[in-house]
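The structure appears right after this line, and notes come after that.
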Amino acid sequence: MTKTMKVNARYSDATGSWAIRQWWKWFSLLAILSESSAFVDIRNFPRHPIGSHHALRSSQLRNIGNYNIWYSDSFSKNTPKRVPVIAGNWKLNPNTLSEATNLLKLIASNFLYHRSASDPEVVIFPPYPFLMPALELLEGTGIKVGAQNCALQESPGAFTGEVSASMIRSMGCDYVMLGHSERRTLFGETDAKINAKAHLCLKQPGLGIILCIGETLEEYQSNLLESVVEMQLKKGLAGLKAEDISSSSLIIAYEPCWAINTGIAATPQQANTAHMAVRRTLTKLFGADVAQSIRIQYGGSVKPDNIEDLMAMPEIDGALVGGASLTADGFTRIVDGAVSISSSFSAIPRELTARECLPTKNVLGESPVWSERDQCLYWVSAPEEEVWTWNLVDPPYRRLMGTVLGCVALKAGDPGSIVLGGERAILELTMSPTTTDFASGPAVLCDRPDLASMTRPNDGRVDRQGRLVFGMYNNYHRSGASEGSNNAGLYRLDANLQYEKLLDYDFRVSNCICFSSNGETMFFCDTPTRKVYAFDYPKERGGMLTNRRLIWSVPSNLDGAPDGAQVDANGCIWIALSGAGRVVRVNPSTGMIDCVVHLPVRSPTSCTFGGPNLDELFITTRGPDGGGLYRVKMPHGIRGLPEPEFQLGTNGQMISRSPPSASTTGHSPRKDYTWWNKGS
Ligand SMILES: O=C(CO)COP(=O)(O)O
């Protein structure tokens, strides 16, 4: 999506409180700096251009409810088009090889299978000892690897402790970073040394350079920004000709020293103005054509919540990220924010509020389904090992199942027939208020797939042909350890209780599983990636999901991730955003949000349509602040589709085995699993 046409809308406070926050940030910076530096006088500090920034925002932002819609059509950037480049500078982090390996594996999980041709170029700069593991572990992700520095000398030679440009290139690195402000100030790196290193790097075919420049706070205060960056560029690139630049890959990173590691980024306007000065100098040095082709990154306190605003500026072609590149999810959000298609709202999204209808206090309510046959709702509370049902009139009731439950689906047959995705097995049960006795309850239909792996069934739904589709959940995906990478598969269980795998790659947490009304499209999300995809759904046995297309991803400045989802009769998909306190309605053809349901709790987990007319949305939630069942009446014209039932064929060979008798999780389920009394 080009920036010129994009209607860039963001969740944010009203502009006024935003301005106060900016002022507060700057006063905080002043306070920090005046403590650490005797010569900073608050009265001499340059006026932060908040007036102009604010003026631009107020002319370009329109407050619509909670949404500031930023029309960025005044920017015609990137002529010629420059591919955005996001780089992570790990500096002297992390502490050990095993921490580095974990971080690399998690980054690889976020990027494997989730990149497209229009995405930015991504480069990671680990410390030297982690270059080789990075090259190995990031293989196939499209992420490039670079070194944070190189020797002033060529190899081979007697230069103890140095690493040469040719060694770096021979390993397979694509970039070397030169002239970072920490090297300049802490290690005596002069423009002359940087220039000598640049010449050595350019002798290595295929080795690009990120040249870092930027002024100190004092220079900024003295209005020396332009002359400082001009001098750094002239000296750093001395002796290079336009042809040297155009036949290589040179990126300039503008990093004002006062923004590095302070938490106070330059405003987008400040950075853009500085980048214009950089490009003016590049034009003087190499001519307009070459200057226009060079990418200029901004660096200094880049975060998921400021990347979109920075990248919306015409002269900002990317970011060099320090601290925020040290978590896999933070770094991925920054990369996603750089080319966000996520921030698309139709002009005025409709806003609804869901109210709690049952204070069920579920630890993790999940997988609500409405049965037309039974005229009631079913859902599970996963770690409490409970399945719940409610007919909207009487008090709900619940059954303890003695196993963690990922999902519940309807099953053709007697009233109350359901199937459940249990931790070790797929179960069937006839749910009835008169059979609260555990022993007469569930039966094992079949083992869950992939029993040896550290996974369990998670989100699931019955497809329009009556087969159960569910995905697994990596039990370690939150651990930050390497076991938390992709190891969960997506499966379909048919009438003969035969499994087939539907996706040719594994992931961490299956969610958003739902089907278009004709059953030809399936929606799916691996929650940590925060991206929701549509696939062509194979109706016949033996087929795989194909033709994957990204329909929506969570804006980088919004917390939370897609959890369960449901399709409405108009073909739109309602996605519970766990952590964001919202359910959004996305049109899969346009990626636009046209309705937002707000909840007073942070974590909605899934949703479905229910009620006699399928015109209410029921939303399960999780603790600690949530756990109740929420409900919202749909606007006129929006309703759900009947939920299909799992069809167990006569050839289905049930395993004749008792259900699990105790939790395998160590979790102690609630004891009072018989009747639930309203308000208890
Ligand atoms: O120095 C930087 C990247 O090279 C910026 O660091 P921070 O993003 O931590 O401010």
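Ligands are counted one by one from 1 in listed order, and the atoms in each one are counted from 1 as well.
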Item to complete: Evaluate side-chain contact (heavy atoms from CB on, under 4.5 Å) for Met167 paired with Tyr128, printing each intermediate quantity in order.
Response: CA-CA 11 Å; Met167 291 173 182; Tyr128 287 137; over 6 Å; no

Worksheet item: Can you tell me which residue and heavy atom of the protein come closest to atom 10 (O) of ligand 1, and the distance to 0.1 Å?
Response: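 Scanning the protein heavy atoms, the shortest distance from atom 10 (O) of ligand 1 goes to Asn261 N, 2.6 Å.
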
Ligand 1 contacted by [X] (non-hydrogen, < 4.0 Å):
X	result
Ser301	yes
Lys91	yes
Ala324	no

Worksheet item: Hey, what's the ring geometry for Tyr254 with His275, parallel, tilted or perpendicular (30° and 60° as the breaks)?
Response: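 Ring orientation, 0 to 90° scale: perpendicular.
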
Item to complete: Answer with yes or no whether the side chains of Arg508 and Asn110 bring together a donor and an acceptor at under 3.5 Å.
Response: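 Result is yes, a qualifying pair exists.
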
Practice prompt. Tell me yes or no: between the side chains of Gln148 and Arg183, is some donor less than 3.5 Å from an acceptor?
Written response: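 Gln148 vs Arg183: no donor-acceptor pair found between side chains.
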
Worksheet item: What atoms in ligand 1 come closer than 4.0 Å to a heavy atom of Gly323?
Response: 7 (P), 8 (O), 9 (O)

Worksheet item: So, are Asp317 and Arg82 salt-bridged, with charged N and O less than 4.0 Å apart?
Response: yes

Worksheet item: Nearest non-hydrogen atom to atom 8 (O) of ligand 1 belongs to which of Gly300, Ser325, Gly322, Ala259?
Response: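 Going through Gly300, Ser325, Gly322, Ala259 one by one, Gly322 has the nearest heavy atom to atom 8 (O) of ligand 1.
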
Discussion item. For Leu320, which part has a heavy atom under 4.0 Å from ligand 1: side chain, backbone, both, or neither?
Written reply: both

Worksheet item: What is the minimum heavy-atom distance between Glu154 and Phe159, and which atoms define it?
Response: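 Where Glu154 meets Phe159 most closely, the heavy atoms are O-CE1, 4.1 Å.
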
Worksheet item: Quick one: does Glu255 get an N or O within less than 3.5 Å of an N or O on ligand 1?
Response: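 Looking only at distances, the answer is yes, because the N/O contact criterion of under 3.5 Å is met.
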
